[in-house]
Amino acid sequence: MEAVEEAVVLEPGVNAANEGQFLTFMIGEQQYGVEIKYVTEIIGIQNITSLPDLPHFMKGIINLRGKVIPVVDVRLRFGMEERDYDERTCIIVVSINDTNVGLVVDTVAEVMNIPEESIEPPPKVNSKANGNRFIYGLGKVQDNVQILLDTQKLLFDEELEQLSAIT
Amino acid sequence: MSTMLNDDKEILVDFINESNEALEKTELVLLGLEENLAAGGDVDENDINSIFRTFHSIKGSAGFIGLVSMNQLTHEAETLLDNIRKGKTDLKKAHIDIFLEVSDTLMMMMNHLHENFTEEGFPGDIDELKGRIVRLIDDSTADKGKTKPAQKSEKKKSKKTEPAPRKNGDGTEAKVTDAMLDALISPEMVKQFVVDASELLDGMEQDLLALEKAPDNMELIESVFRNMHSLKGNAGFFNYGDISQVCHRAETFLDLVRSGKARAEANQISLILQVLDFLRSAIENLDAGKPAVISGKIGLLDLMTEVLSLEEAEASSEEKTASEERPEKAAAEQEPDETNKKSASREEKTESVSPKKTEAKTQASNAKKTRSSISDVIRVDVEKLNKLMNLVGEIVISESMVSHNPDLRALEMESVEKSISYLQKNVRELQELATAMRMIPLSGLFGKMKRLIRDLATKNNKKIDLIINGGETEVDRSVLEHISDPLVHILRNSADHGIEAPAAREEKGKPGTGRIELSAKQVGGEIWIIVEDDGNGLNREKILKKALEKGLISENDMDMADEKVWNLIFQPGFSTADKVSDISGRGVGMDVVVRNVEKIRGRVEVDSTQGQGTRVNLRIPLTTAIVDGMLMRVEETIYAIPTLDIKESLQVGEQNVVDLMDGQEVIKIRERLIPILRLHELHELSFKAKPLSEGIVVVTEKGAQGIGFLVDEILGQQQLVIKPLPEYLGNIKGVSGCAVLGNGEICLILDLSNLIKMVEVP
């Protein structure tokens, strides 16, 4: 419950107005970004209740002030190695089409402005690699490259739908 | 008037509510007077005074608010009453008729006021009614002794009361232009019309179904006629031409039946039932915001004319009612002899008393319905109720957060304990109340089934009696939605496959008329809805053969228990009917039943005896939102099972554990063998093979022999607010929902019927 009190609740007014804003987070050494308009809040890691018959990257459900929301581990979603959660692990709660989902990330970095012209489409090469299909574009900020994620695809990729249809 | 201030509106609403209440009482008094009068009893002065007071106070308030026509109407009624009160006039039936009419008109005006906040645009002809009262005053005071002419004219007038509103309906159409109408009709009014019309249609359907069994029951005819008439009137007011035309034709026929000029034949009643369906679809269109058009209206009208033999009567409805009046009038006038006339009119009077009275009574009850919707029943948006229910759920959670708070508990203070138990009591009461608000009696749903059975019986040339018991049993609104389809499927099956044709039944020595009993009752924490027929029963061999064909069972299963055989019919795509009818037999249906009932955590039981009949029991848990649950821990996960489903929990000694060949563990409790389900394995929490004797086995009641769950620890009992699992996760095997506990943890609620299926191989 303490995690809730530490939660960073983002002002909704800012979300709507700023199209080019991204919330960035770290998975290993790489920085990723999601469009801030989908993000409702960021909370510390908390007790996750696991459920049977779920794809491995779906960690289970958490209680967010009485609301029960599912949690996806982004690391596992990208097919990366599992890593123990620590005090820096965060859950980014995103909301798309009235569906709330928590995304577990190694740590949250910052909110940054990436103008449209600095975003390049994802490279076509190596398209078979897992994870690339979630990429919305590559954002260039100074010398760094941010991998900007397509939140819609991250949550509702057809692979996932197939999985839930089987279970 | 249209720019009325809110304060004024409040005054008006108060006035309407008060007046309606008073009018309701007045109506009862009038009916009592009428009965008294017919029995030749004395008129109670108090009754007259009370009626007088009602009209008088309405008159006063109406004058104050500025409702001119209402003021004038009550004034005339009051004058007539005053005459009666002072003994200037003897109270006669005609007076009571007219007072009833005044009271009805006033109520209609009140409704109109309630919707429009002005008396302008009221469709009734108040001046005409007023005129008749004035004439009655004149007649009665002028020749108190000579009752006959007055009687005669009254007779004529009371006859006219029927066609009068009809004319008004048409009149408004003619007088008021469409644009004016559109301005008058608000969406709320249309909504109200839809609600009222559905009620009227339901009422008519019930009456017609009863009428089929007793075609000579005048009371039913009157009631159908009245409802049809009101529907026509309403539709006319709203300018729904199709509805009012169709109603009109049906009404014409009903009028003939009611006046004894025709007899309602079975096929004619069937047609009217079909007409109701057409009307219903038109009203559904209206509800969906589409125009109230009846497709195929012309064909329907022609069909009605033909089947209901209305050719002559339809020539002109106005003429018909006129000609209907004339012979009676003529007959009365033809009597030259004074005494003869007297006796004739008396006869006429006694004749007219009974139907009139019932008419008035149905009118009264109808009126009561509409009125109570203003005074003591309010319509609430379901969405609001759902929100309330959710909020109550949150309160239950926060209550348990407080009462299970370890810091608070550690205080061990008596005052805190006291407050907590007080809080618990109140929260529980609040929750019960909120749940009760969503409860709806099953009678409405059951009533609809009458029609279904009747149609099926007619179609298949079978005779079926549907007996309904326990319609007053109440279930949650969501339950009602979920059981309506299953019930239809089950009843269809009973009527279609279960009940045999009359000849076949008689051969077996059963009465030719089949019997289906639909009943509901509360048993423990469940509602049982039972459909029992005395038909042919399920055919064990046939089911087994079919199941074998479909590969649902193997040759070895041929001697399985009856109960398991019956459950086979719930498998998708399973049907044993030799021929596919258009109603049932395509094999969809019974699996729908199970799926729907399981959605509300209920289950279906079938029992059948070959040649004797079938019994299907839908067992539905009482409330679906909040349950008492037993919490248990398995590794790190907390599970819950509804307390009502738990039979016992125990630690088993090793000597009682039997390992079957396929690895299934079974324990023996008091000569019963119970299969064990290890939740650890099910949810892949761990694969540690822990001996059964180290955990606790919770035995549940569900399933044929019950089932035992192996858990690590029992945490206790608690009220749980069931929340669905996030849709995002899809269907989770074995878990029906979850609940948030007081400490913020989530517990998973086990889906017992699903789990049992996983253990029990059919």
Side-chain angles (χ1 to χ4, degrees), chain A residues 1-7 38 43-73 77 85 91 93-103 151-167, chain B residues 390-401 404-407 631 633-640 677-686 720-751 754-755 758:
Chain A
M1 291 309 260
E2 295 90 58
V4 177
E5 281 144 37
E6 291 165 16
Y38 296 120
I43 52 176
I45 191 70
Q46 51 176 289
N47 207 353
I48 300 175
T49 306
S50 65
L51 284 162
D53 287 329
L54 287 179
H56 69 293
F57 57 84
M58 298 250 250
K59 296 305 284 184
I61 46 181
I62 56 164
N63 165 24
L64 183 66
R65 292 188 300 277
K67 259 194 204 140
V68 175
I69 63 168
V71 176
V72 170
D73 189 318
R77 181 70 167 131
Y85 297 156
I91 299 177
V93 182
V94 293
S95 167
I96 297 185
N97 315 330
D98 288 334
T99 304
N100 290 304
V101 179
L103 302 173
T151 319
Q152 184 85 32
K153 274 196 187 147
L154 191 64
L155 298 189
F156 298 103
D157 201 64
E158 67 281 357
E159 178 198 63
L160 185 56
E161 272 156 37
Q162 276 164 13
L163 272 165
S164 57
I166 295 163
T167 52
Chain B
N390 284 342
L391 200 58
V392 170
E394 299 296 323
I395 289 179
V396 171
I397 294 171
S398 36
E399 179 265 321
S400 79
M401 270 162 135
H404 291 92
N405 185 315
D407 296 339
L631 299 182
R633 188 178 60 80
V634 178
E635 305 273 298
E636 296 297 304
T637 313
I638 299 170
Y639 291 95
L677 195 121
R678 284 171 177 261
L679 287 173
H680 306 68
E681 285 173 20
L682 171 80
H683 285 178
E684 293 164 20
L685 292 168
S686 80
L720 301 173
V721 182
I722 301 182
K723 288 174 189 273
L725 289 170
E727 260 174 59
Y728 183 71
L729 299 174
N731 261 332
I732 307 279
K733 170 169 86 175
V735 178
S736 61
C738 61
V740 177
L741 302 176
N743 59 8
E745 276 187 80
I746 296 173
C747 79
L748 303 177
I749 294 158
L750 291 175
D751 182 351
N754 236 323
L755 286 171
M758 288 158 66

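Within every chain, numbering begins at 1; the chains are lettered A, B, ... in the order of the sequence lines, protein sequences first and strands thereafter. As the structure is a prediction and not an experimental result, all values here were calculated from the model.
Heavy atoms closer than 4.5 Å to chain A are found nowhere in Ile638(B), neither backbone nor side chain. Contact annotation for Val72(A): only side-chain heavy atoms (C-beta onward) come within less than 4.5 Å of a heavy atom of chain B. Within the 4.5 angstrom heavy-atom criterion, only backbone atoms of Ile69(A) (N, CA, C, O) approach chain B.
Under the 4.5 Å side-chain criterion, counting only non-hydrogen atoms from C-beta, Ile61(A) is in contact with Cys738(B).
Shown here are the side-chain contact (heavy atoms from CB on, under 4.5 Å) partners of Asn405(B), two or more places apart in sequence or in another chain: Asp407(B), Leu408(B). Every residue was checked against the side chain to side chain donor-acceptor pair (under 3.5 Å) condition with Thr151(A), not counting sequence neighbours, and none meets it.
Between Val740(B) and Val68(A), the shortest heavy-atom distance links the atoms CG2-CG2, 4.0 Å. Residues Asn63(A) and Ile746(B) approach most closely at N-CD1, 3.4 Å, considering heavy atoms. Pairing each heavy atom of Leu155(A) with each of Tyr728(B), the nearest pair is O-OH, 2.8 Å.
Taking CD of Glu745(B) as the start and CD of Gln46(A) as the end, the distance is 11.0 Å to the nearest 0.5 Å.
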